[in-house]
Enquirer: 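What follows is a structure written as structure tokens; I'll ask about it next.
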Amino acid sequence: MKYALATLLQDTVSALVAQGRLPAGLPAPEIARPRQEGHGDFSTNFALTAAKAAGRPPRVLAEELKAALGASALIERIEIAGPGFLNVFVAESAFHDIVRTILREREDYGRLTARPGKILLEFVSANPNGPLHVGHGRGAAYGDSLGRLLTWAGYDVEREYYVNDAGRQMDILALSVWLRYMEVGGEKIAFPETGYRGSYVADIARALRKSVGCDLQHPVADILVANPDLDADALMDTWIARLKGTLGARYRTVHGFGLDAMQADIKDDLAAFGVRYDRWYSERSLVESGGVDRALALLRASGDLYEEGGAWWFRATRYGDEKDRVVVRENGVATYFASDIAYHLEKCERGFTTLIDIWGADHHGYVPRVKGALAALGQDPGRLQVLLVQFAILYRGGQRAQMSTRSGEFVTLRELRAEVGNDAARFFYVLRKSEQHMDFDLDLAKSQSNDNPVYYVQYAHARVCSVFRQLDERGLARPDLASADLTRLDAPEERVLERTLGRFAEVIEEAARDREPHQIAYYLRDLAGDLHAYYNAQAFLSVDAPLRDARLALIAAARQVLANGLALLGVSAPESM
RNA sequence: GCGCCCGUAGCUCAAUGGAUAGAGCAACGGCCUUCUAAGCCGUUGGUUGCAGGUUCGAUUCCUGCCGGGCGUACCA
């Protein structure tokens, strides 16, 4: 609807220019939804923005434009208001057309026409060294909804999870699992501060013990050798090296056991949360296929690498980063950054025109170096769009809850889902725009989940379902909604509801453009509110048959849009509550 | 210190550079013998952190302060 009007306006202006009644080089006409109801369904400020270039006062220009827009089936009337706004009132028949279109297209209503370009959407990608916590949950809910949104907006989208199964963090998990394994075997150990101390590690260790018995047995004292000259991280590296040396090929068993257990847990958790992926991309496969070496070789060939202090550095400062970055450490081990360079190069080579990465805000300093690496590799860094999700700050009992994977003191996503429910959790997460810091009050979300706005929206859907159940119970015939006489709809609540329905396609378009699924959530709340108000003001069943059919057609359309919108957020649309 | 994000009603948050800054919760007052009261209607509540600048017009863009968060690794 907005698009049709924008086209009409553009054509009208072009025609005036062609006739010489307006000069060329005017600003592009724009059309907007006025905030104020009395200002029409759409308004344009073109007379204001173009007045100077056109050489006449805004109100005069507005009159000319109004006359030139002439008669369109879409437009009921045009008013000139304020300093020169053109307020357009859309014909009722146009809204009736939308209701009929919704009823015809059903669960596909709101899908926009396909557009060119392939998008790779990477999100969550949490290290498989512990269960997902509520911070990851925000990225999961946001990423999954964004994926659905982009798909609906006509993009070709693939969703990917980058599995960091090759790095140092996984070695630390392996060591942690092995230590717990020895503990299960009866050995008393002083568990290191720098290891993963969550109880899930012991669970994995017990399963490992059950699987391999005593095969991995070795005195812990031989591994956890103290060295006061080293800091905690360097010390951890020596322990990992000792464990690898001691266990030899069997190290892979421990490493793989921890990885597989965590990976399975994460996959299961996300699937239960309604989050879907097209691909789980293994960092290790990238290393083993030589992808990392190849990327580094390319950078070396282009003169973007140099050696200093025994380490290899990427000249990130050449590409706008504030300092150069290590890709191969002094001990010969590639950094996470090195494989990430290879990964992003590989994404480009797979033919994606747009790469969207969703990262936690704590990684924001990482953006310039990745874009820099792409530029160094001859790729357009503009293809990479990094969306940063701010932290969800947890409050429990009015106090901030601690979040630390190492210590194991965190609220897991699984706990949140169990206590709040998937629907409430997903809606709650996506109700804030991603760059907004978010206060997540666990007590409120858990104990007073009735306050969660998700129920408000779901209830609106269930209410319509209930009306149709009543229709059957009263023995009234199910009408042919498509042929209902919608001109019977003239109550104020009906006009409001029809107008809100007419916004759905625009909301999808704009939410996808801005990567802001929260716009969908707010729209749904508006739509639910309009429906609830309508429900309380008008009777649907106890009216004459033609009016009843018209009203049923309208609320059926509203129910459909509610369901489609909730689907975009991964939230269910219950038929009763 | 430098970089990024944020600052809007008592609280949690919205608002493509537009007209009188909006919701929810909280507070107060109404509405169930009628399709689900997880609802509706109404009232109260604001110097959009502060000060400048750009603009016909600024919560929005720019600059400088103030306050909070996060970065600033040969961790990820």
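All chains are named by letter (A, B, ...) in the order of the sequence lines, taking the proteins before the strands, and each is independently numbered beginning at 1. Keep in mind it's a predicted model, so treat the numbers as computed, not measured.
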Enquirer: Whom does B:rU43 pair with, Watson-Crick or G-U wobble, provided both distances fall under 3.5 Å?
Expert: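 Pairing partner, where one exists within any strand: B:rA27.
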Enquirer: Classify A:S542 by what it touches in the nucleic acid, base, sugar-phosphate, or nothing, heavy-atom distance under 4.0 Å.
Expert: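 Touches nothing.
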Enquirer: Tell me whether the side-chain N/O atoms of A:R463 come closer than 4.0 Å to OP1 or OP2 in B:rA37.
Expert: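 Yes, A:R463 has a side-chain N/O under 4.0 Å of OP1/OP2 on B:rA37.
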Enquirer: Counting the atoms with a prime plus P, OP1 and OP2 as sugar-phosphate, which does A:Y366 contact under 4.0 Å by heavy atoms, base, sugar-phosphate, or nothing?
Expert: base
Enquirer: Categorize A:F540 for me: base, sugar-phosphate, or nothing, with a 4.0 angstrom heavy-atom threshold over every strand shown.
Expert: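 A:F540: base contact, heavy atoms under 4.0 Å.
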Enquirer: When you measure from the side-chain N and O atoms of A:K2 to the phosphate of B:rU16, is any distance below 4.0 Å, counting only OP1 and OP2?
Expert: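 Checking A:K2 against B:rU16: no side-chain N or O falls below 4.0 Å of OP1 or OP2.
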Enquirer: Checking all strands, does A:E330 fall into the base, sugar-phosphate, or nothing category for heavy-atom contacts under 4.0 angstrom?
Expert: base
Enquirer: Whole Å only: how far is the CE atom of A:M577 from the C1' atom of B:rA37?
Expert: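 Going from CE in A:M577 over to C1' in B:rA37 covers 13 Å.
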Enquirer: Taking the P atom of each, how far is B:rC50 from B:rU59, in whole Å?
Expert: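 Straight-line distance between the two P atoms is 11 Å.
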Enquirer: Specify the residue among A:Y535 and A:A81 whose closest nucleotide of RNA chain B lies further upstream toward the 5′ end.
Expert: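 Of the two residues, A:A81 wins.
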Enquirer: Determine the Euclidean distance between corresponding C1' atoms of B:rG52 and B:rA58; express it in Å to zero decimal places.
Expert: 13 Å
Enquirer: Remember a base hit wins even if backbone is also touched, and classify A:G309 as base, sugar-phosphate or nothing at under 4.0 Å, heavy atoms.
Expert: base
Enquirer: In whole angstrom, what separates A:I240's CD1 from B:rC74's C1'?
Expert: 15 Å
Enquirer: Which one is paired to B:rG7, where only Watson-Crick or G-U wobble pairs with both distances under 3.5 angstrom count?
Expert: B:rC66
Enquirer: Any heavy-atom pair between the side chains of A:I356 and A:L150 that's under 4.5 Å?
Expert: yes
Enquirer: Say we look at B:rU44 and B:rG39: how far apart would their P atoms be, to the nearest angstrom?
Expert: 23 Å
Enquirer: Is any side-chain nitrogen or oxygen of A:R35 closer than 4.0 Å to OP1 or OP2 of B:rA19?
Expert: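 It does, given that an N or O in the side chain of A:R35 lies less than 4.0 Å from OP1 or OP2 of B:rA19.
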Enquirer: Let me know which of A:D340, A:V292, A:V163, A:D165 forms a side chain to side chain contact (heavy atoms under 4.5 Å, CB included) with A:E283.
Expert: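 Answer to the side chain to side chain contact (heavy atoms under 4.5 Å, CB included) test with A:E283 among A:D340, A:V292, A:V163, A:D165: A:D165.
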Enquirer: Any strand counts, and the cut-off is 3.5 Å on both contacts for Watson-Crick or G-U wobble. Which nucleotide pairs with B:rU34?
Expert: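 Partner of B:rU34: none.
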Enquirer: Measure from NZ or CZ of A:R463 to the centre of the six-membered ring of A:Y535 and say whether it is under 6.0 Å with the direction within 45° of the ring axis.
Expert: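 Yes.
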Enquirer: Side chain of A:H437, base of B:rG7: donor and acceptor closer than 3.5 Å?
Expert: no
Enquirer: Students often get this wrong, so: under 4.0 angstrom with heavy atoms, is A:A533 touching a base, only sugar-phosphate, or nothing?
Expert: sugar-phosphate
Enquirer: Taking a pair as Watson-Crick or G-U wobble with both distances under 3.5 Å, which nucleotide is matched to B:rA73?
Expert: none
Enquirer: So what's B:rC61 paired with, Watson-Crick or G-U wobble, going by both distances under 3.5 Å?
Expert: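 Partner of B:rC61: B:rG53.
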Enquirer: By the 4.0 Å heavy-atom rule, please label A:H39 as base, sugar-phosphate, or nothing.
Expert: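 Since a base atom lies under 4.0 Å of A:H39, the category is base.
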Enquirer: What is the distance, to the nearest angstrom, from the CD atom on A:E435 to the P atom on B:rG7?
Expert: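 Going from CD in A:E435 over to P in B:rG7 covers 9 Å.
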Enquirer: Provide the distance between the two C1' atoms, one in B:rC61 and one in B:rU16, to the nearest whole Å.
Expert: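 The answer is 14 Å between these two C1' atoms.
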Enquirer: Do the side chains of A:R478 and A:D472 get close enough for a salt bridge, i.e. N-O under 4.0 angstrom?
Expert: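 A salt bridge is present here (some side-chain N lies under 4.0 Å from a carboxylate O).
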Enquirer: Quick check: A:Y429 with A:Y142 (ring centres under 6.0 Å apart)?
Expert: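 They do not qualify: ring centres at least 6.0 Å apart.
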Enquirer: Measuring from the side chain of A:H532 (C-beta onward, heavy atoms only), which nucleotide among B:rG39, B:rA15, B:rA23 has the closest atom?
Expert: B:rG39
Enquirer: Using a cut-off of 4.0 Å on non-hydrogen atoms, how would the nucleic acid contact of A:D321 be classed: base, sugar-phosphate, or nothing?
Expert: nothing
Enquirer: Grab the CE-P distance between A:M438 and B:rC11 for me, whole Å please.
Expert: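 In whole Å, B:rC11 P lies 18 Å from A:M438 CE.
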Enquirer: A:Y523 OH to B:rU16 P: how many Å, rounded?
Expert: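 Interatomic distance, OH of A:Y523 to P of B:rU16: 17 Å.
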Enquirer: Could you tell me whether A:E435 atom CD has more than 12 heavy atoms of other residues or ligands within 6.0 Å of it?
Expert: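 More than 12 within 6.0 Å, yes.
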Enquirer: With rounding to the closest Å, how many angstrom separate the P atoms on B:rG7 and B:rA14?
Expert: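 Looking at atom P only, B:rG7 and B:rA14 are 8 Å apart.
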Enquirer: Who does B:rC13 pair with, Watson-Crick or G-U, both distances under 3.5 Å?
Expert: B:rG22
Enquirer: Distance criterion of 3.5 Å, no angle test: do you see the side chain of A:S43 paired donor-to-acceptor with the base of B:rA19?
Expert: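 For A:S43, whose side chain was compared with the base of B:rA19, there is a donor-acceptor pair (under 3.5 Å).
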Enquirer: Has A:Y522 got its ring stacked on the base of B:rA23, with centres under 5.5 Å and planes less than 30° apart?
Expert: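 The base of B:rA23 is not stacked with A:Y522 (the test needs centres under 5.5 Å and planes under 30°).
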Enquirer: Parallel, tilted or perpendicular: which one describes the rings of A:Y343 and A:Y162, with boundaries at 30° and 60°?
Expert: parallel
Enquirer: Enter syn or anti for the glycosidic conformation of B:rC5, syn applying to angles within 90° of 0.
Expert: anti
Enquirer: Parallel, tilted or perpendicular: which fits the ring planes of A:Y306 and A:W313, with parallel below 30° and perpendicular above 60°?
Expert: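 Parallel: the ring planes of A:Y306 and A:W313 meet at under 30°.
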Enquirer: Indicate, yes or no, whether a donor-acceptor pair under 3.5 Å links the base of B:rA14 to the side chain of A:H518.
Expert: no
Enquirer: Could you state the atom-to-atom distance from NZ of A:K323 to C1' of B:rA73 in whole Å?
Expert: 7 Å
Enquirer: Which nucleotide sits closest to the side chain of A:P34: B:rG39, B:rA19, B:rA76?
Expert: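 Of the options given, the side chain of A:P34 lies nearest B:rA19.
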Enquirer: With heavy atoms under 4.0 Å as the rule, sort A:R474 into base, sugar-phosphate or nothing.
Expert: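 If one applies the 4.0 Å heavy-atom cut-off, A:R474 turns out to touch the sugar-phosphate alone, with no base involved.
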Enquirer: B:rA19 base to A:N45 side chain: any donor-acceptor pair below 3.5 Å?
Expert: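 There is none.
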Enquirer: For A:A462, report the nucleic acid contact type (base, sugar-phosphate, nothing); a contact means any heavy atom under 4.0 Å.
Expert: base
Enquirer: Without decimals, in angstroms, what is the distance between A:E493 CD and B:rC40 P?
Expert: 13 Å
Enquirer: Taking only side-chain N and O atoms of A:Q436, does any of them lie within less than 4.0 angstrom of OP1 or OP2 on B:rA14?
Expert: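 Checking B:rA14 against A:Q436, a side-chain N or O does come within under 4.0 Å of OP1 or OP2.
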Enquirer: Taking the C1' atom of each, how far is B:rA9 from B:rA15, in whole Å?
Expert: 15 Å
Enquirer: Would you kindly check whether a donor in the side chain of A:D362 faces an acceptor in the base of B:rG71, or vice versa, at under 3.5 angstrom?
Expert: no
Enquirer: Any side-chain N or O of A:R329 under 4.0 Å from OP1/OP2 of B:rC75?
Expert: yes
Enquirer: Using the C1' atom in both, what is the distance from B:rA23 to B:rC40, to the nearest Å?
Expert: 16 Å
Enquirer: Determine the interatomic distance between C1' on B:rU47 and the same-named atom on B:rU43; round to the nearest Å.
Expert: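 That atom pair is separated by 23 Å.
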Enquirer: Between A:H518 and A:Y522, how do the two ring planes meet: parallel, tilted or perpendicular, split at 30° and 60°?
Expert: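 Answer is perpendicular, since the angle exceeds 60°.
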Enquirer: Determine the sole option in A:D265, A:L173, A:L259 for which the side chain to side chain contact (heavy atoms under 4.5 Å, CB included) test with A:P128 is passed.
Expert: A:L259
Enquirer: How do A:R513 and A:R469 order along RNA chain B: which one's closest nucleotide is nearer the 5' end?
Expert: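 Looking at RNA chain B, the more 5' nearest nucleotide goes with A:R513.
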Enquirer: Between P on B:rC40 and CG on A:L531, what's the gap in Å once rounded to a whole number?
Expert: 10 Å
